[in-house]
Asks: 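Before anything else, here's the structure in question.
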Protein chains: 2
Amino acid sequence: MNVETALQRLKEKGYKRTKQRERMLKIFSGQDQYIAAKEILKEFQGYFPSVSYDTIYRNLYMLTEVDILESTELGGEKHFRLSCDTDGHHHHFICTDCGKTKSIAFCPMENVHENLKGYDIENHKFEIYGKCPQCH
Amino acid sequence: MNVETALQRLKEKGYKRTKQRERMLKIFSGQDQYIAAKEILKEFQGYFPSVSYDTIYRNLYMLTEVDILESTELGGEKHFRLSCDTDGHHHHFICTDCGKTKSIAFCPMENVHENLKGYDIENHKFEIYGKCPQCH
DNA sequence: TCTCAAGATAATAATCATTACGATTTAAAA
DNA sequence: TTTTAAATCGTAATGATTATTATCTTGAGA
């Protein structure tokens with residue numbers, strides 16, 4: 001997803017367009033990797049020296065809520081990346097060195113439904129961790 | 001895995017048999033669900049009122065290290081359960097209500113290797129979340 | 001059985017990510 | 001421009017986890 005689309009979606013949902021949100025989206029754009037709240041803080045230093053974590057977390061969660069970002073838990077920290085919802089449902093290989101991701105088209109859920117009759121499936125997580133070719 | 005097997009493995013690895021470790025294993029035994037450190041603390045209150053988190057975390061990690069426990073991250077907290085290594089490699093459905101788990105024999109990794117040539121795969125996570133038949 | 005050193009535990013404090021909240025500022029609608 | 005709800009800032013609190021150090025326990029050998 002690009003910044004323009006994201007800003008438009010924000011407007012549709014009734015959220016205000018703030019410098020912080022624009023900057024946050026710029027940080028995410030073009031990066032196919034998950035980043036954590038503290039990295040946003042670091043990037044913000046030059047622009048909003050007095051930004052608070054409250055602003056960062058509130059916006060990260062809000063942006064996730066409206067499907068502009070997607071999130072996962074890596075090493076005990078929540079990480080975020082721009083949603084790649086245009087590509088349809090998919091999963092990621094995540095490099096444990098540089099954090100870059102690669103899409104995996106395959107979703108294992110179709111293979112397990114028959115084993116889970118009577119279970120109410122709400123969500124699932126399929127992630128592969130390792131070293132990407134550049135870090136390997 | 002049962003308590004006896006676990007205690008034997010502990011001994012083989014050169015770890016001492018302590019009341020706390022026995023109690024910890026008893027807590028885990030017979031429960032096919034993931035539990036967090038604080039729940040161990042709660043269970044310990046009656047036996048070791050002055051137990052510290054240090055003891056709990058050190059042992060949880062040590063027991064995981066020697067493959068007596070297996071761990072996962074749920075909602076920002078590390079959770080542990082007795083290893084079911086006798087059943088071979090598998091994944092879990094995890095009830096978001098009661099925490100109980102159900103084994104899923106299927107592993108999606110065989111389906112994705114061809115898409116990850118040049119990548120060094122270290123690990124993977126496949127978990128399904130929802131409500132089990134009892135909680136549904 | 002008794003001794004003792006390595007290993008464990010307890011008590012406490014520190015760290016780190018995350019969340020909360022009153023005061024102040026700002027975006028954008030009227 | 002004025003208004004006002006929303007957003008941000010500054011700061012503090014919370015909760016999980018890790019670190020430190022002093023004290024105690026286990027288990028192997030005398």
Side-chain angles (χ1 to χ4, degrees), chain A residues 3 6-27 34-66 68-69 71-81 99, chain B residues 3 6-27 34-66 68-69 71-81 99:
Chain A
V3 176
L7 286 171
Q8 179 149 8
R9 186 171 300 181
L10 264 195
K11 185 161 197 165
E12 282 164 13
K13 298 284 183 176
Y15 291 104
K16 289 181 179 170
R17 175 174 180 149
T18 67
K19 295 184 194 67
Q20 290 85 345
R21 285 170 183 170
E22 277 188 71
R23 173 57 45 188
M24 192 175 276
L25 290 170
K26 281 209 188 82
I27 291 168
Y34 281 99
I35 62 184
K38 63 183 170 196
E39 297 171 78
I40 299 289
L41 182 77
K42 202 163 65 183
E43 298 280 347
F44 266 25
Q45 300 300 352
Y47 301 92
F48 319 103
S50 62
V51 71
S52 86
Y53 264 119
D54 183 68
T55 300
I56 291 171
Y57 279 105
R58 187 167 22 74
N59 284 318
L60 286 174
Y61 289 158
M62 180 273 287
L63 291 169
T64 304
E65 189 59 35
V66 301
I68 289 172
L69 300 181
S71 75
T72 191
E73 190 123 357
L74 299 171
E77 290 174 48
K78 283 172 194 127
H79 285 64
F80 301 83
R81 57 162 291 147
Chain B
V3 176
L7 286 171
Q8 179 150 7
R9 186 172 300 182
L10 262 196
K11 185 161 197 167
E12 281 164 13
K13 298 283 184 176
Y15 291 103
K16 289 179 178 169
R17 176 172 180 151
T18 68
K19 294 184 194 68
Q20 289 85 345
R21 284 169 185 171
E22 276 188 71
R23 173 56 44 188
M24 192 174 275
L25 289 171
K26 281 209 187 81
I27 290 168
Y34 281 100
I35 62 183
K38 64 183 170 197
E39 297 171 78
I40 299 289
L41 182 77
K42 201 163 66 184
E43 298 281 346
F44 266 25
Q45 300 300 352
Y47 301 92
F48 318 105
S50 62
V51 72
S52 83
Y53 263 119
D54 180 74
T55 300
I56 291 171
Y57 279 108
R58 188 167 20 72
N59 284 318
L60 286 174
Y61 289 158
M62 181 273 286
L63 291 169
T64 304
E65 189 59 35
V66 300
I68 288 171
L69 299 181
S71 76
T72 191
E73 189 123 358
L74 299 172
E77 290 174 46
K78 282 171 194 130
H79 284 65
F80 301 82
R81 58 163 292 149

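Every chain is numbered from 1, with letters handed out A, B, ... down the list of sequences.
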Asks: Rounded off to whole Å, could you give me the CG-to-P distance for the B:N59 and C:dA8 pair?
Replies: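 My rounded result for the distance is 8 Å.
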Asks: Scan B:R58 against the nucleic acid and name what it touches under 4.0 Å (heavy atoms): base, sugar-phosphate only, or nothing.
Replies: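 Base contact - B:R58 has a heavy atom under 4.0 Å of at least one base atom.
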Asks: Can you pull the salt bridge (charged side-chain N to carboxylate O under 4.0 Å, His left out) pairs that have at least one residue in residues 42-63 of chain A, sequence neighbours excluded?
Replies: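 Those involving residues 42-63 of chain A are A:D54-A:R58.
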Asks: Please enumerate all residues that pass side-chain contact (heavy atoms from CB on, under 4.5 Å) together with A:Q45, with sequence neighbours excluded.
Replies: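 If we apply the side-chain contact (heavy atoms from CB on, under 4.5 Å) test to A:Q45, skipping adjacent residues, the hits are A:L41.
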Asks: For A:E65, enumerate each residue passing the side-chain contact (heavy atoms from CB on, under 4.5 Å) test, keeping only those at least two apart in sequence or located in another chain.
Replies: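 A:E65: no side-chain contact (heavy atoms from CB on, under 4.5 Å) contacts found.
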Asks: Counting primed atoms plus P, OP1 and OP2 as sugar-phosphate and everything else as base, spell out the protein contacts along nucleotides 18-30 of chain C at 4.0 Å heavy-atom distance: B, S or - for each nucleotide, 5' to 3'.
Replies: BBBB-----BS--
Asks: Could you tell me which residues satisfy side-chain contact (heavy atoms from CB on, under 4.5 Å) with B:K13, sequence neighbours excluded, listed by chain and number?
Replies: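 So B:K13 forms a side-chain contact (heavy atoms from CB on, under 4.5 Å) with B:R9, B:Y15, B:V66.
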Asks: By side-chain hydrogen bond (donor to acceptor under 3.5 Å, both in side chains), which residues pair with A:T64, not counting sequence neighbours?
Replies: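 Scan of A:T64 (side-chain hydrogen bond (donor to acceptor under 3.5 Å, both in side chains), adjacent residues dropped) gives none.
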Asks: Only counting residues at least two apart or in another chain, list the ones meeting ring-ring contact (aromatic ring centres under 6.0 Å, His included) with B:Y53.
Replies: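 Partners of B:Y53 by the ring-ring contact (aromatic ring centres under 6.0 Å, His included) criterion, ordered by chain and then number, come out as B:Y57.
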Asks: Provide the start and end nucleotides, 5' to 3', of the part of DNA chain D that has atoms under 4.0 Å from heavy atoms of chain A.
Replies: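 Terminal contacting nucleotides, 5' to 3': D:dA5 to D:dG10.
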Asks: Hey, does the side chain of B:T55 come within less than 4.0 Å of C:dA10's phosphate (OP1/OP2), counting only N and O?
Replies: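 For C:dA10, OP1/OP2 do have a side-chain N/O of B:T55 under 4.0 Å.
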Asks: If I take atom CD1 in residue B:I56 and atom C1' in nucleotide C:dA11, what distance separates them, rounded to the nearest angstrom?
Replies: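 Going from CD1 in B:I56 over to C1' in C:dA11 covers 14 Å.
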Asks: Applying side-chain contact (heavy atoms from CB on, under 4.5 Å), run through B:M24 and B:I56 and close with a yes or a no.
Replies: CA-CA 9 Å; B:M24 192 174 275; B:I56 291 171; 4.3 Å; yes
Asks: Mind checking side-chain hydrogen bond (donor to acceptor under 3.5 Å, both in side chains) for A:E22 and listing every partner two or more places apart, or none if nothing turns up?
Replies: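 With neighbours one apart ignored, the set is A:R17.
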